[in-house]
Amino acid sequence: MRKIIKDTDKSDREGRDYSAYPYLKGLNPEQLEAVLHTEGPLLILAGAGSGKTRVITLRALHLVKAGLARPSSILGVTFTNKAAGEMKERIARALEVPDKDDRSGLLPDFSTFHSFCLRVLRKHADLLGYGRSFAVFDEDDSGKVISRVIKSLNLDEKIFTASKAKYFIENNKNSFVDHEQSLEKYNNPWEKNFSLIYEEYSKRLKQNDAMDFGDLLFNAVRLFETNADLLEIYSSHYQYVMVDEFQDTNFIQDRLTKLLVGGHKNICVVGDDDQSIYSFRGALVDNILKFEESFPGCRVIKLERNYRSTRTILNAASNLVRENKFRKDKTLKTEKAGGGPVTVYRAESDYSEAYYITREIRRLTRLEGYSNKDIAVLYRVNSISRIIEDRLVKESVKYQVYGGLKFYQRKEIKDIISFLRFAANPKDAVSFERSISCVPIGAGEATVKKIRDIADKNGSDILSAYGSGLLNGIKGLKETVSPVTKPAPGLLNYFGLIMELRRKIDARPTERGSLSALISMIYVNSGYESMLNGGRKTRALNSEADESRIENIEELINASQEFDDIAEFLDQSAIDESSAKGQGGDFGDISKVSLMTLHSAKGLEFPVVFMVGLEEQLFPHARSLFEESSVEEERRLCYVGITRARERLYLTYSRKRKMGKEFRYNHPSRFINEIPDSLKEVIEDDYSYSWDEGSRYYR
DNA sequence: GAGACTCGTGTTTTT
DNA sequence: CACGAGTCTC
């Protein structure tokens, strides 16, 4: 098999064809080389729009087609589930693996770092002292625990805020520093206290038999570093490893990657230091800059041909990013012609800015042959979307907001799932509290505390305490277990429901009924449904907020039909980031304008891009202005935004903007000035929108 | 002690 | 402006 590759390689230079591998046609020489370089370390420095995704997927495809690897021995790591899913889909189509069947083994394993680690830990976390059904806490859950910890340590919550503590803990976990090392490492009182919080937090997670997001990576690395035989199994199983967006990996992700490929070193990483935009998450650009040092003899391939943007757009991007001092110099070349100038719009107010964008979108779709799906509106912070949305709604332009609150993070969804989570893992006190207090059943803080205290005192979890009658002294809990018959809210009914869920979880899938039936049961029997319906006769009488909650729960019941396995569903819901319904990431087939943050736009492209709110303090964000390196990161973020555009780019800013309670008068972003005038066309606010509405807004 | 109510606050970004 | 913590009332 090796031979075939070599022959192919050679034949390229001699101009022979690739009839055995038709998918290689149309690749440029660098791309081709990247696809064909299969053995040993490979670094692909891929500029924006240089066909990076195509190279990765073709490389995986080629490994299979050329008989070098079984699909299941290829691991592709990405940062979002969406990206992972898309790559898998592409390969599935190329390999003609049908959709519905059990695909395991037939396709390469494309995962995020987190889902990969979670899968590993589900199998082996007992080696680290975790239970079979350990819980996965999201930011929200761990935030709650952290706040509690800060209180219990009698620290001033104004000074040692939960968010700072969270940041501290996250950073340490990302750097593979555990709470003991943290206590040793830091000596000043400030960090010492955070270390104490870290320590207590870790203990509580353990009590809850829970891991947070950081733990997934931390524990996977710990697992592999302390169990050489297990690492051997995994690293010899995954003969070929690829990591996408390598510039955004942090210390622990880099470490995990190196562990996995230690034996064979068949590692291919793809990235672009100009697109490193996650340093606040602990991402280290050095991981990609020093990759060659880590893997001596590594092949480096640069993809510098951009197939996406017009020359003007690309020039704008290049000129901008050239302002950064700390970067590897490189130049993207384009194949496309000039294109029109970048439009810079100066608005008097954010309202007027939204008006302009909406009007321009309508003009583009009516007169210039674009459709809504070709257009994206990108902003620095989510809060900007609102005023744009208002205007789009008023002018009946269909749009879809991506990102923002994720589906599984919505209150009502978390509420319903917390019943299931608690039933699956009775040590999960966070889910216990959430489930018992999300419906008013006469159990408030005091009762909850009483229950926890009883359980703690007897050294058992809450459900065992209930099962052995220890809770009988509590008001409303005199009888023993009773099956759930009617949806009457109450403490007894609550425990009846949880016990019932537990029985079903343990039962064989054939005997327990479908998962969606279980979730419906929770919804009805917990009293959640009647709470939302508020006793009203028809749903039309419900408030808009309640109605949307009901719809979301119905969506949840719907979505859960795809799952047979409860544990799998719980894992998915813990780490799946997909936002509101119907957002599979298929931007192509919905006729809506896309609205999203610049961060979530990474990896996407649109014929028309509007970048909104290009103002000092907002973009670059106020919090970045203290450090040169942070401003550079903002600039890279701007670079990412610009390079999303294929044909037309709009940069808009407003002189006056409502931020929080007050109006701010910001200067235009330095990033606008950093694009040469010759590439720009500046349009001033023409005051043509309705001042009536505007002034009412500004009252 | 539970639940309604008000006030104040706070809004960066993949998992 | 929406959410959470804190206060007040039943």
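Worth knowing before you read on, the calculation uses all heavy atoms, side chains too, and leaves out hydrogens, waters and symmetry mates. Below, chains carry the letters A, B, ... as their sequence lines are ordered, and counting in each starts from 1.
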Open item on the list: Give the residues of residues 622-639 of chain A touching DNA chain B, defined as any heavy atom closer than 4.0 Å, sorted by residue number.
Closed with: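 Listed by number, they are A:Arg623.
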
Open item on the list: Please give me every residue in residues 243-257 of chain A whose heavy atoms get under 4.0 Å of an atom in DNA chain B, ordered by residue number.
Closed with: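 Residues of residues 243-257 of chain A under 4.0 Å from DNA chain B: A:Asp248.
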
Which whole-number value in Å describes the distance from [X] [atom1] to [N] [atom2]?
X        : N      : atom1 : atom2 : value
A:Asn382 : C:dA2  : CG    : P     : 16 Å
A:Ile146 : C:dG4  : CD1   : P     : 17 Å
A:His621 : B:dT11 : NE2   : C1'   : 8 Å
A:Ile388 : B:dT11 : CD1   : P     : 21 Å
A:Lys411 : C:dG4  : NZ    : P     : 8 Å
A:Tyr379 : B:dT11 : OH    : C1'   : 13 Å
A:Phe116 : B:dT14 : CZ    : P     : 24 Å
A:Asp350 : C:dC1  : CG    : P     : 12 Å

Task: A:Asp415 side chain vs A:Ser435 backbone, donor-acceptor pair below 3.5 Å - done: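 Checking the backbone N and O of A:Ser435 against the side chain of A:Asp415, no donor-acceptor pair under 3.5 Å is found.
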
TODO: Would you check if the side chain of A:Asn324 reaches a backbone N or O of A:Phe326 as a donor-acceptor pair within less than 3.5 Å?
DONE: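 Absent.
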
TODO: Sticking with atom C1', work out how far C:dG4 lies from B:dT13, rounded to a whole angstrom.
DONE: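 Comparing C1' positions in C:dG4 and B:dT13 gives a spacing of 23 Å.
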
Open item on the list: A side-chain contact here means heavy atoms from C-beta on lying under 4.5 Å apart; do A:Lys52 and A:Asp272 qualify?
Closed with: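 No - every pair of side-chain heavy atoms lies 4.5 Å or more apart.
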
TODO: Flag the pair A:Glu245 / A:Thr78 as yes when at least one side-chain heavy-atom distance between them is below 4.5 Å, and no otherwise.
DONE: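 Side-chain contact under 4.5 Å: no.
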
Open item on the list: Any side-chain N or O of A:Ser600 below 4.0 angstrom from OP1/OP2 of B:dT13?
Closed with: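 Checking A:Ser600 against B:dT13: no side-chain N or O falls below 4.0 Å of OP1 or OP2.
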
I'd like to know whether the aromatic ring centres of [X] and [Y] sit less than 6.0 Å apart in this structure.
X        : Y        : result
A:Tyr278 : A:His599 : yes
A:Phe176 : A:Phe251 : no
A:Tyr494 : A:Tyr466 : no

TODO: Establish, for the pair A:Arg670 and A:Phe619, whether the NZ or CZ atom is under 6.0 angstrom from the six-membered ring centre and no further than 45 degrees off its axis.
DONE: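 So A:Arg670 doesn't make the cation-pi contact.
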
- [ ] Could you please name the option among B:dT14, B:dT13, B:dA2 that lies closest to any side-chain atom of A:Thr447?
- [x]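 When the side chain of A:Thr447 is considered, B:dA2 is the closest of B:dT14, B:dT13, B:dA2.
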
We want to know whether [X] and [Y] form a side-chain donor-acceptor pair, criterion being a heavy-atom distance below 3.5 angstrom.
X        : Y        : result
A:Glu353 : A:Thr652 : yes
A:Arg119 : A:Ser111 : yes
A:Ser279 : A:Glu633 : yes

Open item on the list: Please compare A:Asp140 and A:Arg386 by the position of their nearest nucleotide in DNA chain C and report the one closer to 5'.
Closed with: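 Whichever sits nearer the 5' end wins; that is A:Arg386.
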
Shorter than 3.5 Å, N or O on both sides, protein versus nucleotides 3-6 of chain B: list them out with atom names.
residue, atom, partner, partner atom, Å
B:dG3, OP1, A:Gly442, N, 3.1

Task: Residue pair A:Val631 / A:Phe671: nearest heavy atoms and the distance that separates them - done: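 That closest heavy-atom pairing would be O-CZ, 4.2 Å.
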
Open item on the list: By a 5.5 angstrom centroid cut-off and a 30 degree plane limit, is there stacking between A:Tyr278 and B:dT14?
Closed with: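 Yes, A:Tyr278 stacks on the base of B:dT14.
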
Task: Toward the 5' end of DNA chain B, by each residue's nearest nucleotide, A:Lys450 or A:Lys602 - done: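 Going by which nucleotide is closer to the 5' end, it is A:Lys450.
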
